[in-house]
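One structure is given below, encoded as structure tokens.
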Amino acid sequence: MVFKFRFQQLLDISLFEEDEIKNRLTAKNAQIAEITAKINKYEEDYERNIAERAEEMSKGHFEKFQMYEPYLNVILKSKLFFENELEVQERQKQKIMTELLEKQKTRKTYEILRERDFESFRKEMFKREQKVLDEFGKKSILTLDDE
């Protein structure tokens with residue numbers, strides 16, 4: 001007799017759903033990394049332009065000096081946009097994490113049920129095997145007694 005878990009299909013579905021959520025989480029982490037890289041790039045651009053602005057000022061090139069202010073404002077606005085986007089993505093990541101935890105709980109519940117069912121199956125098989133061995137032993141003793 002072969003062990004067959006009665007909720008195997010539900011366990012399989014649960015595993016599939018958990019894998020899908022993990023894939024979504026991986027994609028979300030990639031988006032967050034991309035946004036973080038953009039924020040870092042804007043911070044570096046801002047610092048570099050501040051340094052260039054100071055250098056132009058020290059050299060006395062005031063015609064270029066006026067171009068830096070609007071550009072720095074664009075950099076700051078872009079950085080602020082991506083910081084806000086990062087917050088949104090982090091909240092979405094938290095939702096995905098919560099969903100993943102729920103799916104993991106469901107999967108673990110099915111796995112515990114499977115383990116319990118398997119243990120019951122194993123005990124039943126052991127009892128049957130023991131019964132067969134006992135009957136075989138009785139028959140062997142009876143045949144030895146007849147001799």
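No experiment lies behind these values; they were computed from the predicted model shown. Numbering of residues begins at 1 and proceeds along the displayed sequence.
- In terms of heavy-atom proximity, Tyr71 sits nearest to Asn49 at CE2-ND2, 3.2 Å.
- Ring geometry, Phe5 versus Phe7: the interplanar angle exceeds 60°, so the pair is classed perpendicular (tilted spans 30 to 60°).
- Using a 3.5 Å distance cut-off with no hydrogens or angles, the side chains of Gln8 and Asp12 do pair a donor with an acceptor.
- Under the side-chain contact (heavy atoms from CB on, under 4.5 Å) criterion, Gln92 pairs with Lys28, Val88, Gln89, sequence neighbours left out.
- Using a 4.0 Å cut-off between charged nitrogen and carboxylate oxygen, Glu34 and Lys38 count as a salt-bridge pair.
- Screening Leu10, Ile13, Leu11 for a side-chain contact (heavy atoms from CB on, under 4.5 Å) with Arg107, the sole residue that qualifies is Leu11.
- Partners of Glu135 according to the side-chain contact (heavy atoms from CB on, under 4.5 Å) rule, which considers only residues two or more places apart in sequence or in another chain, are Lys131.
- Glu69 and Arg53 are joined by a salt bridge, as a carboxylate oxygen and a charged side-chain nitrogen come within less than 4.0 angstrom of each other.
- One finds a salt bridge joining Arg48 and Asp45 here, because a Lys/Arg side-chain nitrogen approaches an Asp/Glu carboxylate oxygen to under 4.0 Å.
- With respect to the salt-bridge test (charged N to carboxylate O, under 4.0 angstrom), the residues Lys79 and Glu83 qualify.
- Between Arg24 and Glu20 there is no salt bridge, since no side-chain nitrogen of the basic residue lies less than 4.0 Å from a carboxylate oxygen of the acidic one.
- Salt-bridge annotation for Lys95 and Glu99: absent, with no side-chain N of the basic residue lying under 4.0 Å from a carboxylate O of the acidic one.
- At least one donor-acceptor pair closer than 3.5 Å links the side chain of Thr109 to the backbone N or O of Lys105.
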